[in-house]
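A short worksheet on the structure shown next.
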Amino acid sequence: MAWTKSMSLAAMALCVFTVGASAQMMHGMPGHQHGADGTGHDEVNMPGLQGLDATPQESAELAFMFRNFPLIERTVENLPNGIRTVTFSKDPELMDVLVSHAVGMIDRVGQKRDPQVFIQSPTLDIFFARGEGIQSEVEVTDEGLVVIQTSTDPELVEALHVHAAEVSDMAERGMQAVHEMMMKRASQ
């Protein structure tokens, strides 16, 4: 299956995370009290993966990816004008979810329809604001889900590099990576 489209993309957001809304919204919620500052987590229901404009299916895909992160392999090549990512899992259901999520995020950014997931990275803001400046190619090959994103806008290129690293960290360490990033941002 090949899918190529010149449009905006949230850097193949395997999943997304933000601090401001997350720390405030999750404070006081059931299952979120074990963190000293209220940023604990409920890894059963994963309410932080819901968003103001995220569908139940999108939130379920994020939860499925987080629950199965040890089964995800990911490589990133930073290009002078963007990124090339390859994401793979031997699990067919997980591969389907990875592809659905990537294509869905491409479509959302093209529509400037930010899902506002509660733990979403602020790195994504520029994609939803100026994503028309990103050219995206998405293809599923034997290698896995291959996403190439390029731009002539240096700020977008930098954001692509940063977000690709964020996603790789989540693919490597799951929610632990999210929690650490949230704590770091909350302390700034």
Side-chain angles (χ1 to χ4, degrees), residues 5-26 39 41 48-49 51-54 58-59 61-62 65-66 69 72-88 98-99 101-139 144-188:
K5 191 165 185 174
S6 177
M7 67 184 330
S8 53
L9 177 62
M12 201 290 192
L14 245 186
C15 104
V16 290
F17 45 80
T18 258
V19 174
S22 175
Q24 291 175 0
M25 295 191 77
M26 291 182 2
T39 58
H41 60 278
L49 301 179
L52 299 178
D53 185 30
E58 289 169 326
S59 296
E61 286 178 350
L62 291 169
M65 288 184 289
F66 270 114
F69 79 90
I72 298 171
E73 300 172 27
R74 181 172 159 85
T75 60
V76 175
E77 178 184 356
N78 283 341
L79 307 171
N81 63 341
I83 57 170
R84 180 183 189 272
T85 64
V86 180
T87 309
F88 176 76
L98 291 167
V99 171
H101 179 73
V103 171
M105 287 302 291
I106 289 168
D107 187 49
R108 276 187 165 278
V109 173
Q111 295 177 36
K112 295 190 176 198
R113 225 179 105 219
D114 185 346
Q116 301 177 53
V117 172
F118 301 136
I119 59 170
Q120 179 173 305
S121 171
T123 306
L124 297 178
D125 293 349
I126 191 171
F127 299 128
F128 289 106
R130 298 181 6 213
E132 68 277 356
I134 300 172
Q135 294 72 49
S136 300
E137 298 174 35
V138 178
E139 185 175 8
L145 173 62
V146 180
V147 178
I148 300 171
Q149 297 161 302
T150 58
S151 179
T152 58
D153 180 335
E155 290 178 336
L156 283 169
V157 171
E158 180 181 353
L160 287 169
H161 290 172
V162 169
H163 191 62
E166 292 172 336
V167 171
S168 291
D169 193 25
M170 289 182 287
E172 176 71 25
R173 301 185 307 126
M175 278 292 181
Q176 183 63 36
V178 174
H179 297 152
E180 288 174 13
M181 289 181 206
M182 289 172 58
M183 295 298 290
K184 181 179 177 182
R185 289 186 184 127
S187 69
Q188 294 176 347

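Note: hydrogens, waters and symmetry copies are ignored here, and every other heavy atom, side chains too, is used.
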Would you call [X] and [Y] a side-chain contact if the rule is heavy atoms closer than 4.5 Å?
X	Y	value
F128	R108	yes
L160	F127	yes
E155	E158	no
V178	M181	no

Could you grab the distance from atom [atom1] of [X] to atom [atom2] of [Y], nearest 0.5 Å is fine?
X	Y	atom1	atom2	value
I148	E139	CD1	CD	8.0 Å
N81	D153	CG	CG	12.0 Å
L156	E132	CG	CD	8.0 Å
L124	E166	CG	CD	7.0 Å
D169	Q176	CG	CD	9.5 Å

Polar side-chain atom of H179 near backbone of M175 as donor-acceptor pair, under 3.5 Å:
yes
Give me the atom names and distance for the closest heavy-atom approach of [X] to [Y].
X	Y	result
F69	R173	CE1-C, 3.4 Å
V76	S168	CG2-OG, 3.2 Å
I83	A164	CD1-CB, 4.0 Å
Q188	K184	CG-O, 3.2 Å
L145	A102	CD2-CB, 3.8 Å
I72	A171	CG2-CB, 4.0 Å

Might you confirm whether atom CD of E180 has over 12 heavy atoms from other residues, nucleotides or ligands at distances under 6.0 Å?
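For E180, atom CD is crowded (more than 12 foreign heavy atoms under 6.0 Å).
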Taking atom CD as the centre, does E77 end up with more than 12 heavy-atom neighbours from other residues, nucleotides or ligands that are less than 6.0 angstrom away?
yes
Between E172 and R74, is the side-chain contact (heavy atoms from CB on, under 4.5 Å) condition met? List the steps.
CA-CA 8 Å; E172 176 71 25; R74 181 172 159 85; over 6 Å; no
The criterion is side-chain contact (heavy atoms from CB on, under 4.5 Å); which residues satisfy it with V157, sequence neighbours excluded?
S151, H161
